[in-house]
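This report concerns only the one structure given below.
In each ligand, atom 1 is the first atom listed, and ligand 1 is the first ligand listed. Only this structure's heavy atoms are used, side chains among them; waters, hydrogens and symmetry mates stay out.
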Amino acid sequence: MIEARSASLVYEDNGKEVFACHDIDLRVKDGEFIGILGPSGSGKSSLLYVLCGLKRATSGGVAFDGQDYSSISGEALAGLRLKNFGFVFQYPYLLGYLSALENVMLGYPNPGSKTKDEAEAQLRSLGLADKAHRFPHQLSGGERQRVCIGRALLGTKRVVFADEPTANLDHLNGMAVVETLVSNRGSGSLVMVTHDPSMLERADRVVTILDGKIHSV
Ligand SMILES: Nc1ncnc2c1ncn2[C@@H]1O[C@H](COP(=O)(O)OP(=O)(O)OP(=O)(O)O)[C@@H](O)[C@H]1O
Ligand SMILES: [Mg+2]
């Protein structure tokens with residue numbers, strides 16, 4: 001469904017090329033849970049950005065259902081992401097002037113009468129039912145991250161990308177968040193970056209990244 005072919009992401013740093021991703025060949029199949037492991041700076045976040053089209057590969061290609069990201073406009077690519085992908089960023093980005101519930105509802109491209117109920121159900125399953133009305137600054141770091149997870153899971157997403165979703169949580173809450181991602185993703189795929197292998201016990205496949213390259217599949 002998502003296919004990366006020799007995909008590279010090169011940054012320029014003081015006239016030098018930095019390969020954040022280097023010749024990545026990877027397929028994400030329908031419904032599978034792929035874990036991405038690697039040390040800091042190895043290119044894990046960059047790989048997620050390239051796979052979901054938040055960044056375009058500087059060489060090679062990435063396609064979703066046969067549609068290459070480089071062949072469509074930025075606007076069409078944004079529409080494709082909104083409809084099909086959920087994203088949990090490494091840092092919990094929320095809109096400060098919206099409540100937790102309203103932030104979760106942003107995950108839905110076409111809000112309808114059931115959106116609020118679904119958003120409330122997501123917050124409930126993330127243990128935040130009594131905090132739905134709070135603004136982001138009234139939540140702890142881990143709670144904010146869980147709101148981001150609710151937003152990523154809202155609606156039926158074909159792929160949920162999660163970048164270190166458990167980094168701000170203790171082990172038990174981390175395991176609970178992974179469980180929520182795994183069991184609430186419906187028939188969608190899950191691509192999750194972590195530096196903690198114990199969070200990937202339920203993964204179908206674990207990919208290790210070193211210096212922007214896939215080390216083992
Ligand atoms: N805008 C940028 N310009 C230049 N180099 C960058 C830029 N963004 C990232 N890099 C470099 O690309 C490489 C991969 O970064 P990336 O953020 O993907 O790593 P990561 O594996 O997610 O690290 P972490 O575990 O610390 O989040 C690093 O060497 C980083 O310094
Ligand atoms: Mg990262």
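Ring geometry, Phe85 versus Tyr69: the interplanar angle exceeds 60°, so the pair is classed perpendicular (tilted spans 30 to 60°). Relative ring orientation between Phe135 and His137 is described as parallel, the plane-to-plane angle staying below 30° on a 0-90° scale split at 30° and 60°.
Less than 4.0 angstrom separates atom 29 (O) of ligand 1 from at least one non-hydrogen atom of the protein. The protein reaches atom 7 (C) of ligand 1 closely, with a heavy atom under 4.0 angstrom from it.
Nearest heavy atoms, Leu80 versus Ile72: CD1-CD1, 4.1 Å. Gly96 approaches Pro136 most closely through the heavy-atom pair O-CD, 3.8 Å.
Closest to atom 23 (O) of ligand 1 among all protein heavy atoms lies Gly41 N, 2.8 Å. Looking at atom 25 (O) of ligand 1, its nearest protein heavy atom turns out to be Lys44 NZ, 2.7 Å. At the shortest separation from atom 9 (C) of ligand 1 among protein heavy atoms lies Tyr11 CE1, 3.5 Å.
Note that CG of Leu128 and CG of Leu139 are 7.0 Å apart. Values are rounded to the nearest 0.5 Å.
Within a radius of less than 2.8 Å around the Mg ion (ligand 2), the protein N, O or S atoms are Ser45 OG, Gln90 OE1.
Below 3.5 Å of separation, one finds no N or O of Ala20 facing any N or O of ligand 1. Annotation: Gly43 places an N or O atom under 3.5 Å from an N or O atom of ligand 1; distance criterion only. Considering backbone and side-chain atoms together, Gln90 places an N or O closer than 3.5 Å to an N or O of ligand 1.
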Derivation of the side chain to side chain donor-acceptor pair (under 3.5 Å) call for Tyr11 and Lys55:
CA-CA 11 Å; Tyr11 291 113; Lys55 290 205 171 163; 3.1 Å; yes
Please walk me through it: do Asp196 and Thr194 pass side chain to side chain donor-acceptor pair (under 3.5 Å)?
CA-CA 5 Å; Asp196 181 355; Thr194 179; 5.4 Å; no
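The existence of a salt bridge linking Asp65 and Arg158 is confirmed by a sub-4.0 Å separation between a basic side-chain nitrogen and an acidic carboxylate oxygen.
Heavy-atom separations between Cys21 and ligand 1 are all 4.0 Å or longer.
Residues Leu200 and Phe33 have side chains in contact (heavy-atom distance under 4.5 Å, counting atoms from C-beta outward).
Considering only non-hydrogen atoms, atom 16 (P) of ligand 1 lies nearest to Ser46 out of Ser40, Gly212, Ser46. Distances from atom 22 (O) of ligand 1 to the heavy atoms of Ser45, Ala167, Ser42 show the closest one on Ser45.
For ligand 1, the atoms sitting less than 4.0 Å from at least one non-hydrogen atom of Pro39 are 21 (O), numbered in the order shown with element in parentheses.
More than 12 heavy atoms of other residues, nucleotides or ligands shown are found within 6.0 angstrom of CG on Asp30.
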